[in-house]
Amino acid sequence: MDSPFLIAHRGIPAQAPENSARGFQLARRLGATAVELDLRLTADSFLVVLHDDSPKRLTGDKRRAADRPARDLVNLRYLEDPGEHLLLLDEALALLPPPTLINLELKADPDTRHELLLKSLFTALEAAGSPRNLIVSSEDPALVHSVGTQAPLLRTGLIYRFTNPRDAIDLARECSASVLAANARRVSSALLRRAREADLAVWAYTVNDPLRAAKLFEKGCEAVFTDDYPRLAAALEASGMLPNPEPPPRPVQGTRRGPQSMILAIDLGSSSTKLALVDPQEGIVARASAATPVSHPAPGRVEHDPEALLRTLRELLAELAKEQPEAPRAAAIASQRSTGLWAEGDGLTPLSPAVSWQDERGAELVGALEARRAELETEAGLPLTAAWTAVLGRSLLGERAASRGQLLLALGSWIAARLTAAAPRVDPTLANRSFLLRADASDWSPLLLEAFDIPREALPALTPSVGEHGTIPWPGGGQVPLHCLVGDQQAAYVGAAGPMGTRLVLNVGTAGFAMRLAGRHERASPGSRRAPLWTSTARPKALAFLREYPVIPAPEARLVAQSPVEASRESARRLALGEPGPVEFIRRLGEAVSALLTQRHRSVLLAGGILESPHLLHRLEQTLPLPGVRAREKELTLLGAARLAAAGIGLPWSVPEAGGVAEDRHLWL
């Protein structure tokens with residue numbers, strides 16, 4: 001690195017337990033260039049993030065890590081923060097993605113076999129896709145030399161203790177280290193001069209005084225380890241010793257076309273609600289997101305409070321308005337498709353929770369309709385399952401009939417109506433998942449309405465996906481015309497492949513969807529589904545259909561996490577410990593892709609939240625029948641919804657499909 005930098009030593013021990021997930025996440029959030037952590041071998045050959053030979057100081061448990069299996073160690077809770085537990089290396093790698101530099105310090109007890117330690121290290125790194133943002137260090141020169149010999153593209157560092165009698169430069173040369181991490185008391189001007197002559201970087205540990213750190217940088221030290229990164233960073237940046245953190249690059253004034261070219265995109269997801277401002281020439285230029293409010297009132301029940309979700313959405317709108325006070329040109333809403341609720345038609349007051357597609361309470365009704373399954377599935381063009389809005393809506397009513405003025409609405413329809421204060425409406429992509437729409441997406445089906453005893457007047461008006469859906473008040477003033485209401489997977493496919501693309505796409509978030517366009521007369525095969533891709537005012541009849549192969553993870557495979565980072569960490573741990581749920585989910589994703597393959601496909605575009613989970617992504621790429629190509633833009637649902645809205649108002653679109661394709665990665669092992 002050209003500029004001097006600070007290394008967050010074991011995270012940020014001044015504010016969070018050392019070597020903890022909270023400390024690593026805090027360091028990343030505060031912009032730390034590099035983070036140091038310590039690794040020890042467990043009895044069953046995993047690497048646990050731990051400085052001492054036992055976790056006694058942190059957890060109260062006196063037994064050595066080397067004598068304990070990994071599963072026992074990761075269940076130990078920190079005394080200082082019971083919400084934290086010891087981490088595997090796999091979890092730390094998931095918590096600290098590039099560009100954060102990770103300094104992995106290998107701790108070797110006298111009885112630790114180097115070959116076993118390195119095998120465990122390389123296994124963990126390969127499981128994470130062989131990340132490049134690493135340096136591996138140790139105070140054992142033989143161990144440093146072995147790392148460099150077995151993985152020559154890995155950067156290595158020698159830790160030089162204050163009491164070491166050997167010459168530091170000679171020792172670093174012998175083990176071919178590229179970094180000398182020396183006790184700050186041993187870092188002299190003479191040592192730094194000799195290190196420069198040997199093309200050796202010098203990092204000093206551990207310094208918590210800003211003045212002392214400044215003097216080390218003035219002498220030519222490249223980096224300083226510190227336990228109090230926020231305080232040192234603030235002091236050194238104020239003095240000009242460290243460069244101020246640079247914000248993400250933004251176009252210079254005049255290159256962007258202004259608010260009248262901007263599209264507001266909304267993604268109502270199962271686990272998170274996301275908003276973005278999208279420039280048709282540049283892509284996503286501002287984002288805001290929050291967890292989608294969700295509750296589990298009983299086993300098998302999954303619900304959203306629609307009013308709480310609406311409040312969350314309005315808070316995110318206000319957050320975006322701070323970035324862009326002037327109203328955007330148009331808006332688009334993409335929504336999870338099967339989640340629905342009952343509401344009063346006049347004021348759109350919710351009469352029920354928004355029942356998620358993950359809810360299982362409709363299973364009994366599906367069983368009662370078993371004798372009519374073939375007839376109903378042919379009419380809807382979908383398999384009869386408990387996930388559909390009609391099944392869940394009928395289950396909420398029980399034996400009662402829908403009252404006059406009650407409406408069964410897709411969640412996206414209710415949100416759109418409340419935001420715009422317009423009459424509720426639904427497009428064919430959302431209506432498809434009600435199981436009440438004809439297979440050709442032309443109209444509601446009398447046969448299906450009769451089967452579920454839902455009157456036609458209990459459904460909203462059927463309207464094209466792309467068209468005029470009312471206006472949304474902008475917190476900064478003015479109105480934003482809503483020009484797109486569409487299903488989330490349809491939007492993701494448009495973002496990945498374009499409005500009429502033919503690419504094979506695998507979008508993986510809470511669930512997985514393998515997708516491609518269906519031929520005009522192609523019908524869904526067992527396991528797959530056929531749904532309209534989009535319609536418009538100019539083309540009210542669906543011209544393109546999406547063939548999907550969904551993969552819903554089993555309960556034991558689902559990631560219970562509050563953020564993509566936490567989900568990434570959880571998946572890394574579960575894969576490392578060999579839990580069958582994630583492995584089975586990945587296997588089924590591979591099968592879904594195989595089921596949709598045609599001769600024209602040469603690769604699979606990978607998109608969605610899985611791009612933020614290196615361990616799941618790496619395992620998936622090893623499973624797929626074709627090479628996986630990673631989308632550069634993770635939020636393809638937002639991008640696709642904005643693209644449809646832009647087309648609806650005639651704005652030219654220059655953003656490449658998938659926001660471009662991420663660069664190829666090469667293993668260093």
Side-chain angles (χ1 to χ4, degrees), residues 4-14 18-19 23 32-40 49-54 56-58 101-112 114 117 135-148 155-229 231-232 235-236 241:
F5 61 97
L6 293 174
I7 302 170
H9 183 235
R10 306 181 202 168
I12 303 185
E18 69 175 54
N19 283 323
T33 300
V35 175
E36 183 267 355
L37 55 89
D38 308 286
L39 298 173
R40 286 190 176 274
V49 183
L50 181 66
H51 178 272
D52 302 347
D53 61 355
S54 87
K56 178 183 177 182
R57 185 167 52 85
L58 301 176
L101 175 67
I102 313 175
N103 179 21
L104 305 175
E105 181 180 341
L106 300 179
K107 298 285 190 181
D109 296 322
D111 57 349
T112 301
H114 286 187
L117 180 62
I135 176 169
V136 179
S137 62
S138 174
E139 63 179 291
D140 187 333
L143 188 55
V144 174
H145 186 268
S146 295
V147 173
R155 197 178 184 194
T156 57
L158 174 68
I159 298 171
Y160 187 65
R161 301 300 182 196
F162 179 72
T163 56
N164 196 321
R166 293 284 307 278
D167 180 81
I169 305 300
D170 290 344
L171 203 55
R173 281 173 167 168
E174 287 176 14
C175 63
S176 302
S178 61
V179 170
L180 177 67
N183 186 291
R185 290 181 289 173
R186 300 294 295 266
V187 180
S188 63
S189 297
L191 177 71
L192 290 165
R193 186 190 70 252
R194 293 183 59 210
R196 284 193 296 271
E197 293 170 353
D199 196 23
L200 187 67
V202 176
W203 298 355
Y205 70 88
T206 300
V207 181
N208 295 322
D209 176 44
L211 291 177
R212 192 177 182 200
K215 289 179 181 179
L216 286 165
F217 286 140
E218 287 172 354
K219 289 179 180 180
C221 190
E222 183 179 274
V224 166
F225 295 83
T226 180
D227 296 324
D228 197 353
Y229 171 83
R231 187 170 68 90
L232 258 68
L236 293 170
M241 183 60 66

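We're numbering straight along the sequence, starting at 1.
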Trainee: Using a strict cut-off of less than 4.0 Å between a Lys/Arg side-chain nitrogen and an Asp/Glu carboxylate oxygen, indicate whether Arg40 and Asp52 qualify as a salt bridge.
Mentor: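 So Arg40 does not pair with Asp52 through a salt bridge.
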Trainee: Let me confirm one number: the OG-CD distance from Ser189 to Glu218, rounded to the nearest 0.5 Å.
Mentor: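 Those atoms lie 10.5 Å apart.
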Trainee: Could you give the distance from CG (Asn103) to CD1 (Ile159), rounded to the nearest 0.5 Å?
Mentor: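 Atom-to-atom, Asn103:CG and Ile159:CD1 are 6.5 Å apart.
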Trainee: Under a 4.5 Å cut-off applied to non-hydrogen side-chain atoms, are Leu39 and Val49 in contact?
Mentor: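 Yes - at least one pair of side-chain heavy atoms lies under 4.5 Å apart.
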Trainee: Check whether any side-chain heavy atom of Glu139 sits under 4.5 Å from a side-chain heavy atom of Asn164, and report yes or no.
Mentor: no
Trainee: Verify side chain to side chain contact (heavy atoms under 4.5 Å, CB included) between Asp140 and His114, making sure each step is shown before the conclusion.
Mentor: CA-CA 10 Å; Asp140 187 333; His114 286 187; 3.1 Å; yes
Trainee: Check the surroundings of atom NZ in Lys219: do more than 12 heavy atoms from other residues, nucleotides or ligands lie under 6.0 Å from it?
Mentor: yes
Trainee: Please check if any side-chain donor atom of Asn208 sits under 3.5 Å from a side-chain acceptor atom of Asp228, or the reverse.
Mentor: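 Note: Asn208 and Asp228 side chains miss the donor-acceptor criterion.
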Trainee: Once you round to the nearest 0.5 Å, how far does CG of Leu232 lie from OG1 of Thr226?
Mentor: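 Taking CG in Leu232 and OG1 in Thr226, the distance rounds to 4.0 Å.
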Trainee: Do Arg194 and Asp170 come within less than 4.5 Å of each other through their side chains, counting heavy atoms only?
Mentor: yes
Trainee: Hey, could you give me the CZ/CD1 distance between Arg193 and Ile169, rounded to the nearest 0.5 Å?
Mentor: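 Answer rounded to 0.5 Å: 10.0 Å.
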Trainee: For Leu106 and Val136, which heavy atoms make the closest approach, and how far apart are they?
Mentor: CD1-CG1, 3.7 Å
Trainee: Provide the closest heavy-atom pair for Gly220 versus Arg196 in the form atom of the first, atom of the second, distance.
Mentor: CA-NH1, 4.4 Å
Trainee: Is it true that atom CG of Asp199 has more than 12 heavy atoms of other residues, nucleotides or ligands lying nearer than 6.0 Å?
Mentor: no
Trainee: What is the distance from atom CG of Leu211 to atom CG of Leu216, rounded to the nearest 0.5 Å?
Mentor: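 The CG atom of Leu211 sits 11.0 Å away from the CG atom of Leu216.
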Trainee: Check the pair Leu191 / Leu180 against side chain to side chain contact (heavy atoms under 4.5 Å, CB included), numbers first and verdict last.
Mentor: CA-CA 10 Å; Leu191 177 71; Leu180 177 67; 4.2 Å; yes
Trainee: Quick check: closest heavy atoms across Arg155 and Trp203, and the distance to 0.1 Å?
Mentor: NH1-CZ2, 4.1 Å
Trainee: Would you find a donor on one side and an acceptor on the other, under 3.5 Å apart, between the side chain of Asp109 and the backbone of Asp111?
Mentor: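 No, because the side chain of Asp109 does not come within donor-acceptor range (under 3.5 Å) of the backbone of Asp111.
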Trainee: Is there a side-chain contact between Asn183 and Arg161 in this structure, where contact means two heavy atoms from C-beta onward sitting under 4.5 Å apart?
Mentor: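 No - every pair of side-chain heavy atoms lies 4.5 Å or more apart.
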Trainee: Should Val187 and Tyr205 count as side-chain neighbours, where that means a heavy-atom distance under 4.5 Å?
Mentor: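 No; the side chains remain at least 4.5 Å from each other.
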Trainee: Out of curiosity, Glu18 CD to Asp38 CG, how far, rounded to the nearest 0.5 Å?
Mentor: 7.5 Å
Trainee: I need the single residue from Glu105, His51, Glu36 that forms a side-chain hydrogen bond (donor to acceptor under 3.5 Å, both in side chains) with Arg10. Which is it?
Mentor: His51
Trainee: Any idea which heavy atoms bring Cys221 and Val202 closest together, and the distance?
Mentor: SG-O, 3.3 Å
Trainee: Determine, step by step, whether Leu37 and Leu104 satisfy the side chain to side chain contact (heavy atoms under 4.5 Å, CB included) criterion, reporting the C-alpha distance in whole Å, the side-chain angles of both residues, the deciding distance to 0.1 Å, and the verdict.
Mentor: CA-CA 5 Å; Leu37 55 89; Leu104 305 175; 3.5 Å; yes
Trainee: Between Ala213 and Leu236, which heavy-atom pair has the shortest distance, and what is it?
Mentor: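 Where Ala213 meets Leu236 most closely, the heavy atoms are CB-CD1, 4.1 Å.
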Trainee: Check the pair Leu158 / His145 against side chain to side chain contact (heavy atoms under 4.5 Å, CB included), numbers first and verdict last.
Mentor: CA-CA 9 Å; Leu158 174 68; His145 186 268; over 6 Å; no
Trainee: Do you know which two heavy atoms are closest between Thr156 and Ala177, and how far apart they sit?
Mentor: OG1-CA, 3.5 Å
Trainee: For Tyr229 and Ala14, indicate whether the former's side chain and the latter's backbone hold a donor-acceptor pair under 3.5 Å.
Mentor: no
